[in-house]
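In this text the structure is predicted, and so the values were computed from the model without any measurement. Below, chain A is the first sequence line, B the second, and so on; all start at residue 1.
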2 protein chains.
Amino acid sequence: MASETRPSASRRERPAKPALTREGIVKTAVELMRTEGLERTTMRRLAQELDTGAASLYVYVRNTAELHAAMLDELLGTVDLSPSRGRGDWRNGLAQILTSYTEVLFEHPSLARSALVARPSGPCYLALVEALLSLLSEGAVPADRAAWGVDLLLQFATTNAAEHGTREQASTAQEEEEVLAVALRDVSSEDYPHIAAIGADLLSGPGRDRFAWGFDVLINGVLHTPRPDKGQSRRVAEQARGH
Amino acid sequence: MASETRPSASRRERPAKPALTREGIVKTAVELMRTEGLERTTMRRLAQELDTGAASLYVYVRNTAELHAAMLDELLGTVDLSPSRGRGDWRNGLAQILTSYTEVLFEHPSLARSALVARPSGPCYLALVEALLSLLSEGAVPADRAAWGVDLLLQFATTNAAEHGTREQASTAQEEEEVLAVALRDVSSEDYPHIAAIGADLLSGPGRDRFAWGFDVLINGVLHTPRPDKGQSRRVAEQARGH
DNA sequence: ACCTGAACACCGTTCAAGT
DNA sequence: ACCTGAACACCGTTCAAGT
């Protein structure tokens, strides 16, 4: 049955076994994650996809954590940073970039989780930070607050993606959310008066609204909160720079 | 050699194999995590500690995720909620509770990570939420903002614990932080002008100061940011309550 | 230098069989 | 009802041996 289009006995349509490269490994890993999820993107499974043994991967990648970091930076390359060049509406630009960032991670919550632990430092991550800083400076946010604020914004967006997000894991998550909803509804108004009074509003609203509100809270907070330790911190920073 | 104090041949000083209970399993798991870390607190290892087979645990616990959730609630029982009863300084009380929460999770970053995914709903978690809500209401924070603000505060504290935190994993984390520090220092000031200008300040300051500043940002932000969707959200909440 | 097979030391979860 | 051993289907990582 159309056997002349099948060039070899190997799986899929890969015609010949391509030479291993770090980049090829990482790209295959991202593709595998897209189709089967991070859970199934194991060294062994990935090696199988590349028609080799798991041990071969260790020539190019130190361990699983490093692989995940490289995959994350690859993924961050798809974040839309173009709003950082639109003059005028810095606040909206920030929201757009963070929304794009969230959307990218939303499809891979487990990778978002690993981003919380292993701080990325690849080129795409740096470009993202640069874009956020440029918009904050356009908004006249003092540089010292912007330095720490970027972290807060990215932490917020990353956590959001790690918490919610799609994939099969969502079924379990939704189940747990229902357990929590029931627990909140059945709460004794004697033991937990405030919870009982607020009730369902603790969980209400679509994620989009909560994200938008949380983003505004952060921006407004940064605008209203000077860094208290300016003198000391500047000294520390200058020491780190070698002054 | 003092063989009369050794009551049986079983491991440790457990004199007789105690009956399995859910509570006993969870407590043993927490103890095991304290001594060997969450990574080694596996079903098999835990069963070994309880002198039984891994399969027996599945009578009391549905799976590993549920075990982790139960362990987390057990741990949350040690968070100091007493500042919620000190009238007057609500803001400081909030900071104290969140600091205690962070400290508890700090010793177990991997559990903090799982708290980001599997929303807890145990009694100790509810008590924590209640304490935070009571202080926010003392501070005259509008109830609708408090409802969403609690989430933001807990998310912030949990993420902080998941990111930093002690244990052996810290060595890898510190290494990655150094990689990032080098990347930031060597950044091209043409490609990344803002990063180059701010430089080391992006990573400067002790975690304590960043936490305190982040907390202030959140509180100030909540105080300055009304929820935009009041009407619709209240309607949804009332529907959920059955009005 | 790169690649491999085999091994080491583990996992979570299920299930038939026992008590 | 509770507990068990054994099995199933996997893991990450290392290492001696090959090319």
Side-chain angles (χ1 to χ4, degrees), chain A residues 9-11 14 16-26 28-29 32-33 35-71 110-111 113-114 117-118 167-169 171-173 175-176, chain B residues 9-11 14 16-26 28-29 32-33 35-71 110-111 113-114 117-118 167-169 171-173 175-176:
Chain A
S10 72
R11 65 192 61 246
R14 225 176 299 102
K17 190 173 147 177
L20 285 179
T21 49
R22 192 185 148 98
E23 210 188 297
I25 289 170
V26 173
T28 308
L32 188 56
M33 177 177 67
T35 58
E36 306 194 9
L38 183 65
E39 294 69 29
R40 296 203 201 296
T41 308
T42 64
M43 291 299 215
R44 288 175 120 111
R45 180 75 186 77
L46 178 57
Q48 182 188 323
E49 203 70 11
L50 290 161
D51 261 325
T52 183
S56 306
L57 304 179
Y58 286 82
V59 177
Y60 304 93
V61 149
R62 204 190 335 197
N63 51 37
T64 307
E66 199 189 288
L67 174 67
H68 286 177
M71 290 166 68
S110 38
L111 198 58
R113 241 164 287 150
S114 81
V117 191
R167 292 237 156 264
E168 57 250 59
Q169 166 249 9
S171 65
T172 319
E175 201 185 296
E176 266 152 12
Chain B
S10 71
R11 64 191 64 246
R14 225 176 300 101
K17 191 173 147 175
L20 286 179
T21 49
R22 193 186 148 97
E23 210 189 297
I25 289 170
V26 173
T28 307
L32 188 58
M33 176 179 67
T35 57
E36 306 194 8
L38 183 64
E39 293 69 28
R40 296 202 202 298
T41 307
T42 64
M43 290 300 216
R44 288 177 119 110
R45 180 73 185 78
L46 178 57
Q48 183 188 322
E49 202 71 10
L50 290 161
D51 261 327
T52 183
S56 306
L57 303 180
Y58 286 82
V59 178
Y60 304 94
V61 150
R62 205 189 336 196
N63 52 35
T64 307
E66 198 190 289
L67 174 67
H68 286 177
M71 290 167 68
S110 38
L111 197 58
R113 242 164 286 152
S114 81
V117 191
R167 291 237 158 264
E168 57 249 61
Q169 165 251 7
S171 66
T172 319
E175 201 186 297
E176 267 152 10

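The separation between R22(B) atom CZ and dC2(D) atom P is 14 Å, rounded to whole Å. Whole-Å rounding puts the L57(A) CG to dT4(C) C1' distance at 12 Å. Separating the CD atom of Q48(B) from the P atom of dC10(C) is a distance of 9 Å, rounded to the nearest angstrom. Taking atom NE2 of residue H68(B) and atom P of nucleotide dC11(C), one finds them 12 Å apart after rounding to whole Å. Distance CD (E39(B)) to P (dG12(C)): 12 Å, rounded to an integer number of Å. Distance, L46(B) CG to dC10(C) C1': 16 Å, rounded to whole Å. A straight line from CG of N63(B) to C1' of dG12(C) spans 9 Å, rounded to a whole angstrom. One can place CZ of R45(B) at 19 Å from C1' of dT13(C), the figure rounded to the nearest angstrom.
Each of dC2(D), dC11(D), dC2(C) was ranked by its minimum atom distance to the side chain of Y60(A); first place goes to dC2(C). You'll find that the side chain of L20(A) is closest to dC3(C), out of dT13(C), dC3(C), dA7(C). The A54(A) side chain lies nearest to dT13(D) when the options are dG5(D), dT4(C), dT13(D). If you check dT4(D), dC11(D), dC15(D) against the side chain of A55(B), the one that comes closest is dT4(D).
Here R22(A) pairs with E66(A) in a salt bridge; the nearest charged N to carboxylate O distance falls below 4.0 Å.
Remark on DNA chain C: of its neighbouring residues R44(A) and G53(A), the 5'-side contact belongs to G53(A), judged by nearest-heavy-atom nucleotide.
For the P atoms, the distance from dA9(C) to dC10(D) is 23 Å, rounded to whole Å.
Note on S56(A): every side-chain N or O is 4.0 Å or more away from OP1 and OP2 of dC2(C). A sub-4.0 Å separation between OP1 or OP2 of dT13(C) and a side-chain N or O of T64(B) is present. Contact check, T52(A) against dC3(C): no side-chain N or O comes under 4.0 Å of OP1 or OP2.
Pair assignment for dC15(D) gives dG5(C), based on Watson-Crick or G-U wobble hydrogen-bonding distances that are each under 3.5 Å.
A pairwise comparison of heavy atoms in L38(B) and M71(B) identifies CD1-CE, 4.0 Å as the closest pair.
Contact of the L67(A) side chain with the L46(A) side chain is registered, since non-hydrogen atoms from C-beta on lie closer than 4.5 Å.
In this structure, the side chain of T52(B) does not engage the main chain of Q48(B) through any donor-acceptor pair within 3.5 Å. Using modelled atom types, one side-chain atom of Y60(A) and one backbone atom of L20(A) make a donor-acceptor pair closer than 3.5 Å.
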